[in-house]
Amino acid sequence: MKAYVGLLLAVTLCCASSLEIPSNRNPRIINGINAANTPYNVYVLYLNSANSGFFGGGSLISDRHVLTAAQNIASFVRWEIGLGSTVFGQLSQQVSTQAIAHPSFNMANRANDIGFIVLPQPVVFTALVNPIQLPVLGRGLPYENEEGMVVGFGFNALGGQTRSDFLKVGYQRVISDSRCVGFYQITLPNHFCAEDGLQRSNVCNGDLGAGFVVSERRTDTLVGVASLITASCDATTPTGYTRVSQYRQWIRDNTGV
């Protein structure tokens, strides 16, 4: 699968983004490490009618639906989906022509940056392909200072130009809303921000749409969708995430999940 097909989404607010790396950490997601089996993770290559686009991430939430950022959906017509492996070359693929962005998505400020891709065929759940749990209706996850993880095949070095061959994982903590609004023009509580103050792992280009996952009552739960990063993928600016719980009813109404 061709992973980079002409950069359409210029980096303003959007483009995604991870302390000095100990010798046992793999080259930087930015400053991430190789991820273990993450069966809900989805690689998304999104293309327009001219066959140009870019790539990002998503999360499997049912046998037919991939939750991702609306910026990976709006103005695109085809989505090549990779599932089932932490090694890029071993991903299984489906091609979808059906996806729905939130009707109030605003590309300029990433308001309501959430949507889903509909798979043409249901996936068979295995140890390598399995959906992630969504928040319970009415629970405003995640909480300030709560730690979560994010995975992706995106650029893994500052100024990088190619995707990672291996799925990377970073761990971040949710910061205060007051700090978050100092970095991005967002509407609270629809977004939240998270950062890694130790290893400086961070989301980068090619990771937007990936899921921020926390342990809720000992169950991995998808609470955020990577939405906002700096153009340079720096390792010190927090990542902005769409808060999934704010759209839980919309997701249910449109997917049945």
Side-chain angles (χ1 to χ4, degrees), residues 1-3 35 37-49 53-88 90-105 112-137 139 141 149-154 167 206-214 216 219-227 241-257:
M1 186 193 319
K2 191 173 182 182
N37 178 35
T38 313
Y40 62 84
N41 181 67
V42 177
Y43 169 87
V44 179
L45 174 65
Y46 47 93
L47 301 165
N48 64 14
S49 56
F54 197 56
F55 63 92
S59 302
L60 190 68
I61 61 170
S62 80
D63 63 350
R64 290 289 303 276
H65 299 97
V66 174
L67 197 70
T68 188
Q71 61 187 283
N72 295 349
I73 295 174
S75 302
F76 298 100
V77 300
R78 193 170 87 252
W79 297 266
E80 296 183 7
I81 303 301
L83 298 153
S85 182
T86 61
V87 180
F88 185 83
Q90 297 177 7
L91 293 171
S92 61
Q93 182 179 315
Q94 287 199 36
V95 178
S96 173
T97 57
Q98 183 180 358
I100 298 175
H102 192 280
S104 298
F105 169 59
N112 306 299
D113 190 11
I114 195 167
F116 59 89
I117 301 163
V118 182
L119 300 178
Q121 299 178 358
V123 296
V124 176
F125 296 153
T126 68
L128 299 178
V129 178
N130 221 282
I132 186 77
Q133 175 177 283
L134 294 176
V136 174
L137 280 168
R139 288 184 66 81
L141 301 173
M149 60 174 272
V150 59
V151 298
F153 285 103
L167 187 67
D207 295 319
L208 289 173
F212 185 84
V213 172
V214 302
E216 170 68 0
T219 300
D220 286 347
T221 303
L222 177 65
V223 297
V225 174
S227 172
Y241 294 91
T242 303
R243 190 184 299 270
V244 173
S245 61
Q246 291 297 109
Y247 302 90
R248 188 66 187 87
Q249 190 62 57
W250 179 80
I251 295 169
R252 176 169 293 180
D253 290 346
N254 287 275
T255 67
V257 179

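Numbers here are sequence positions counted from 1. All values reported here derive from a predicted model rather than from experimental measurement.
If you take OG1 on T38 and CG on N130, they are separated by 12.0 Å, rounding to the nearest 0.5 Å. To the nearest 0.5 Å, atom CG of residue L83 and atom CG of residue L119 are 6.5 Å apart. The structure places CG of L45 at 8.5 Å from CD of Q93, a figure rounded to the nearest 0.5 Å. Rounded to the nearest 0.5 Å, atoms CZ (F76) and CD1 (I117) are 11.0 Å apart. Taken to the nearest 0.5 Å, the OG atom of S227 stands 5.5 Å off from the CD atom of Q71. Atom CG of L128 is separated from atom CG of L91 by 11.0 Å, given to the nearest 0.5 angstrom.
Using a 4.5 Å heavy-atom threshold, the side chains of Y40 and S59 count as touching. Counting heavy atoms from C-beta outward, V124 and V129 have side chains that stay 4.5 Å or more apart. Between Q133 and L222, the closest side-chain pair of non-hydrogen atoms is not below 4.5 Å. Residues I251 and L67 form a side-chain contact, since some pair of their non-hydrogen atoms from C-beta on lies under 4.5 Å apart. Put simply, the side chain of I73 does not reach to within 4.5 Å of the side chain of F105, judged on heavy atoms. Using a 4.5 Å cut-off on side-chain heavy atoms (C-beta onward), F116 and T255 make contact. Put simply, the side chain of R243 does not reach to within 4.5 Å of the side chain of V223, judged on heavy atoms. The side-chain heavy atoms of V95 and I81, taken from C-beta on, include no pair separated by under 4.5 Å.
Proximity of a side-chain donor or acceptor of D63 to a complementary backbone N or O of F125 within less than 3.5 Å is not detected. Although no hydrogens or angles enter the test, the distance criterion places a donor-acceptor pair under 3.5 Å between the side chain of T242 and the main chain of D113. For Q94 (side chain) and Q121 (main-chain N/O), a donor-acceptor pair under 3.5 Å exists by modelled atom type. In this structure, D220 contributes its side chain and I132 its backbone to no donor-acceptor pair below 3.5 Å. Judged by distance alone, with hydrogens and angles left aside, the side-chain atoms of E216 form no donor-acceptor pair with the main-chain N or O of P135 at under 3.5 Å. Remark: the backbone N or O of P120 is not paired with any side-chain donor or acceptor of S96 at under 3.5 angstrom.
In this view, T68 and N72 satisfy the side chain to side chain donor-acceptor pair (under 3.5 Å) rule, not counting sequence neighbours. Checked against side-chain contact (heavy atoms from CB on, under 4.5 Å), S62 has the following partners two or more places apart in sequence or in another chain: R64, H65, V257. Y247 pairs by the ring pair (Phe, Tyr, Trp, His ring centres under 6.0 Å) definition with H102, not counting sequence neighbours.
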Verdict with supporting geometry, N112 and S104, side-chain hydrogen bond (donor to acceptor under 3.5 Å, both in side chains): CA-CA 6 Å; N112 306 299; S104 298; 4.6 Å; no
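Nearest approach of P39 to A127, heavy atoms of both residues: CB-O, 3.7 Å. Nearest heavy-atom pair, A226 versus A69, reported as atom, atom and distance to 0.1 Å: O-CB, 3.9 Å.
Using a 30° and 60° split on the angle between ring planes, F153 and F88 fall in the perpendicular class, above 60°. A perpendicular orientation is assigned to the rings of Y46 and F54, their planes being inclined by more than 60° (bins at 30° and 60°).
When ring centroids are compared, Y43 and W79 stay outside the 6.0 Å threshold.
With respect to V244, the side chain to side chain contact (heavy atoms under 4.5 Å, CB included) criterion is satisfied by exactly one of I61, L141, L134: L134.
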